[in-house]
K.L.:
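Got a structure for you, questions after.
One is the number of the first residue; the rest follow in order along the sequence. Not measured: the values here are computed from a predicted model.
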Amino acid sequence: MTLLSNAAQLGFTVDLIHRDSPQSPWFNSSATRWTVLRDTIQRSISRSKHFKFGQYQNSFGVPVLPASGEFLMEISIGTPPSLFVGIVDTGSDLIWTQCKPCSCYQQTIPVFDPSLSSSYKPMDCGTRPCRHLGSNYAGCSSRNTCMYTCQYGDQSSTMGDLAMETFTFGARQSIQNVVFGCGRQNQGTFRSQGSGLIGLGGGTMSLVSQMGTSIDGKLAYCLVPFQETNSTGKIMFGTNAVMSGPGVVSTPFLRGNPVTFYYLTLEGLSVGSSRILFNGPSFLSFANGNAGNIIIDSGTTLTLLPDDFFSDFVTEMTDAIPATPVDDPQQFFQLCYGASDFERINVPTVTAHFTDADVELKPLNTFVAVDQETVCLAMASSSETGLAIFGNIAQMNVLVGYDNQAMTVSFKAVDCSKMG
C-alpha cells in the first residue's frame with residue numbers, strides 16, 4: 001500500500017535518541033550506566049522471544065513487547081502539529097499513537113486530540129487500508145469507520161480508529177495522508193514518556209512502505225555507541241538515505257512471512273584470519289540452502305546466534321584474546337574479561353560475512369562493559385528465541401541503509417556522532 005506514489009522525491013533526516021540517553025524523555029538520572037545496560041539487554045531478550053518464525057503470519061504488525069524498542073524519534077502529527085514521541089522499530093509495521101478521548105495509559109506529553117486537527121481523516125470500512133488489517137481488523141463502528149486492534153507479546157494492547165493524518169518531520173518536512181492507528185483503548189506495560197510506535201518494517205502499513213516512491217523505498221540510520229551519552233544518532237529517508245561510494249558494501253535481503261522482517265544471509269564470522277562457517281537454517285521455506293538465516297533488527301541489543309555456531313565462535317574468541325576470562329557476575333554472558341585486562345590487550349577484529357558484503361566489527365561492536373570491572377561479549381545463543389538476529393550493538397558507528405526497491409541492506413563504517 002503506497003499512498004504517496006505521486007509525491008516528489010523527498011530527503012530528510014531526524015535525530016534518533018537512545019531511550020536511556022540523557023536526551024531521552026525516559027532518562028532515569030538515578031539509574032547507573034550498568035543497571036541501564038542490564039535492563040536494555042533484558043528487554044532485548046524478551047523482545048526476541050516474540051520473533052519466532054511463523055507465529056504471527058496473519059498480522060500486519062508483528063507482536064513484540066511494546067516497550068522494548070531502544071530508539072526514539074520525535075515527530076509531529078496533525079494540523080496544527082502536536083508532538084508525537086514514538087519508538088522506532090524495524091521489527092514491526094503499525095504506526096499508532098494515543099488519541100483523545102480514550103482509556104489511555106498515562107503519558108507525559110499531551111495526548112493527541114484529533115478533534116483539534118483539521119487534517120484528521122478517519123478511514124471508512126470499505127477502504128483498502130482497512131482491508132489490509134487482516135486479523136487486526138476489529139470491526140466497523142456505528143459511524144462506518146474502520147477499527148483496528150493489536151495485542152503484543154506481553155498482553156499489552158492497543159485498539160482504536162484507523163485514520164489518516166499529516167506527519168511532520170523536523171521543522172519543515174510534512175507528509176499528508178499517513179495511515180495510522182488512533183488508539184482509544186491502550187493498556188499494559190507502555191511507559192508514560194512515549195506516545196506510541198513507529199513501525200519501519202517491510203509490511204504495507206509501515207512508514208517506509210507508505211511513503212513509497214516519494215522516498216524511493218530508502219531508509220538509513222546511524223546508531224551512536226551507548227557510552228556517547230551526549231550524542232544522538234540519525235535516521236534518514238529518501239535522497240538523504242542514498243548509500244554509495246568508497247567503503248559501502250551491500251547484501252541482498254529477502255522477504256518472508258511475515259513480510260515485516262529484513263532477512264539477510266550470514267555465511268560466517270571471522271576472528272582475525274580464522275573463519276567459522278555459519279550453517280544456521282533458513283527461516284524462509286522458499287529459500288535455497290541457508291539463504292535468509294538471520295534478521296537485522298534495530299530494536300534488539302545483542303546479536304543472537306544458533307547455539308552450536310555461537311559455541312564455536314566463543315572458542316575462537318577465547319583462543320584469540322591473550323587474557324584470562326572471568327565470570328559474569330549476573331551469570332548471563334558466556335565470555336567476559338576484567339576491564340583492566342581488556343584495556344591492555346588487542347582485541348581481534350571480527351568480520352561478519354554476509355552474501356556479497358563483509359562487515360568489520362570493531363571491539364565496540366563485539367564487547368560491552370557490563371559493570372565497572374567487567375567487559376563481556378555482546379552476543380548470545382538464540383536457543384531461547386529460535387531466530388538468529390544481528391543486533392544493534394553490532395550496528396553502532398555503522399551507517400545502515402535499507403533499499404526496498406533494490407532489496408538490499410548496505411553498510412559503511414562511520415562516526416555516527418559526527419553526522420550532520
Side-chain angles (χ1 to χ4, degrees), residues 18 20-21 33-34 36-38 40-41 44 70-71 221-231 233 247 249 266 268-276 278 294 296-298 300-305 309-330 332-354 357-381 388-400 411-419:
H18 192 274
D20 294 314
S21 160
R33 169 183 169 186
W34 323 115
V36 165
L37 178 66
R38 294 283 182 177
T40 297
I41 290 166
S44 174
E70 295 304 316
F71 295 91
Y221 54 73
C222 208
L223 310 179
V224 296
F226 290 139
Q227 60 268 29
E228 296 182 20
T229 56
N230 293 320
S231 300
V249 295
L266 181 65
L269 292 176
S270 288
V271 179
S273 60
S274 179
R275 181 162 175 164
I276 312 163
F278 183 66
I294 191 168
I296 181 170
D297 181 41
S298 66
T300 300
T301 304
L302 302 178
T303 291
L304 304 179
L305 301 167
F309 179 79
F310 177 63
S311 179
D312 291 343
F313 176 72
V314 168
T315 298
E316 286 290 341
M317 288 294 285
T318 305
D319 291 344
I321 295 176
T324 302
V326 301
D327 291 334
D328 172 18
Q330 302 296 320
F332 174 79
F333 291 99
Q334 191 161 333
L335 181 62
C336 299
Y337 294 93
S340 58
D341 288 340
F342 197 78
E343 291 173 358
R344 295 195 297 265
I345 60 178
N346 291 322
V347 179
T349 297
V350 173
T351 304
H353 302 286
F354 296 103
D358 289 347
V359 180
E360 186 177 288
L361 304 180
K362 299 176 181 178
L364 69 85
N365 301 117
T366 53
F367 281 86
V368 62
V370 298
D371 60 37
Q372 288 182 314
E373 300 178 350
T374 314
V375 178
C376 296
L377 182 66
M379 301 183 184
S381 167
I389 299 175
F390 193 66
N392 63 43
I393 291 180
Q395 300 174 57
M396 290 180 176
N397 272 355
V398 178
L399 180 61
V400 182
F411 304 88
K412 181 180 181 178
V414 296
D415 183 343
C416 291
S417 67
K418 295 181 179 178
M419 294 196 68

K.L.:
If every non-hydrogen atom of Asp328 is compared with every non-hydrogen atom of Val370, which pair is closest and at what distance?
P.N.:
OD1-CG2, 4.5 Å

K.L.:
Using every non-hydrogen atom in the two residues, find where Asp371 and Pro329 come nearest and quote the distance to one decimal.
P.N.:
OD2-CG, 3.5 Å

K.L.:
Who are the salt bridge (charged side-chain N to carboxylate O under 4.0 Å, His left out) partners of Asp415, not counting sequence neighbours?
P.N.:
Lys418

K.L.:
Any donor-acceptor pair under 3.5 Å linking the side chain of Asn365 with the backbone of Met396?
P.N.:
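Present.
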
K.L.:
Nearest heavy-atom pair of Val271 and Ala320: which atoms, and what distance?
P.N.:
CG1-CB, 3.8 Å

K.L.:
For Ser274, what residues pass the side chain to side chain donor-acceptor pair (under 3.5 Å) criterion, not counting sequence neighbours?
P.N.:
Glu316

K.L.:
Looking only at heavy atoms, what is the nearest atom pair of Ser417 and Val224, with distance?
P.N.:
N-CG1, 3.8 Å

K.L.:
In Å and rounded to the nearest 0.5 Å, what is the SG to CG distance from Cys376 to Leu335?
P.N.:
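It comes to 7.5 Å.
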
K.L.:
Answer whether the closest heavy-atom distance between the side chains of Ile296 and Phe354 falls below 4.5 Å.
P.N.:
no

K.L.:
Using side chain to side chain contact (heavy atoms under 4.5 Å, CB included), reason through Glu373 and Val326 one step at a time and then give a plain yes or no.
P.N.:
CA-CA 10 Å; Glu373 300 178 350; Val326 301; over 6 Å; no

K.L.:
Do Leu223 and Cys416 come close enough that some side-chain heavy atom pair is under 4.5 Å?
P.N.:
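Heavy-atom side-chain distance check fails, nothing below 4.5 Å.
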
K.L.:
Measure the CD1-CE distance between Ile389 and Met379 for me, rounded to the nearest 0.5 Å.
P.N.:
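Reported to 0.5 Å precision, the distance equals 13.5 Å.
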
K.L.:
Output all residues satisfying ring pair (Phe, Tyr, Trp, His ring centres under 6.0 Å) with Phe367, sequence neighbours left out; order by chain, then residue number.
P.N.:
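Residues passing ring pair (Phe, Tyr, Trp, His ring centres under 6.0 Å) with Phe367: Phe342.
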
K.L.:
Taking atom CG of Asn392 and atom OG1 of Thr300, what is their separation to the nearest 0.5 Å?
P.N.:
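So the CG of Asn392 and the OG1 of Thr300 are separated by 7.5 Å.
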
K.L.:
What pair of heavy atoms forms the shortest contact from Leu364 to Ile393, and how long is it?
P.N.:
O-CG2, 3.6 Å

K.L.:
Can you sort out the partners of Ser270 under side chain to side chain donor-acceptor pair (under 3.5 Å), two or more places apart, ordered by chain and number?
P.N.:
His353

K.L.:
Picking from Asp312, Leu266, Leu269, what satisfies side chain to side chain contact (heavy atoms under 4.5 Å, CB included) with Phe278?
P.N.:
Leu266

K.L.:
Can you name the ring pair (Phe, Tyr, Trp, His ring centres under 6.0 Å) partners of Phe310, sequence neighbours left out?
P.N.:
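With neighbours one apart ignored, the set is empty.
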
K.L.:
Over all heavy atoms of both residues, which pair between Tyr337 and Thr324 is shortest? Give the atoms and the distance, please.
P.N.:
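Reported closest heavy-atom pair: CD2-O, 3.7 Å.
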
K.L.:
Extract all donor-acceptor atom pairs below 3.5 Å that involve side chains of residues 343-352 and protein atoms in other chains or at least two apart in sequence.
P.N.:
from   : atom 1 : to     : atom 2 : distance (Å)
Arg344 : NH1    : Ser340 : O      : 3.4
Arg344 : NH2    : Asp341 : OD1    : 2.7

K.L.:
Donor-acceptor pair, distance only, cut-off 3.5 Å: does the side chain of Gln395 make one with the backbone of Phe390?
P.N.:
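Such a contact is found between Gln395 side chain and Phe390 backbone.
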
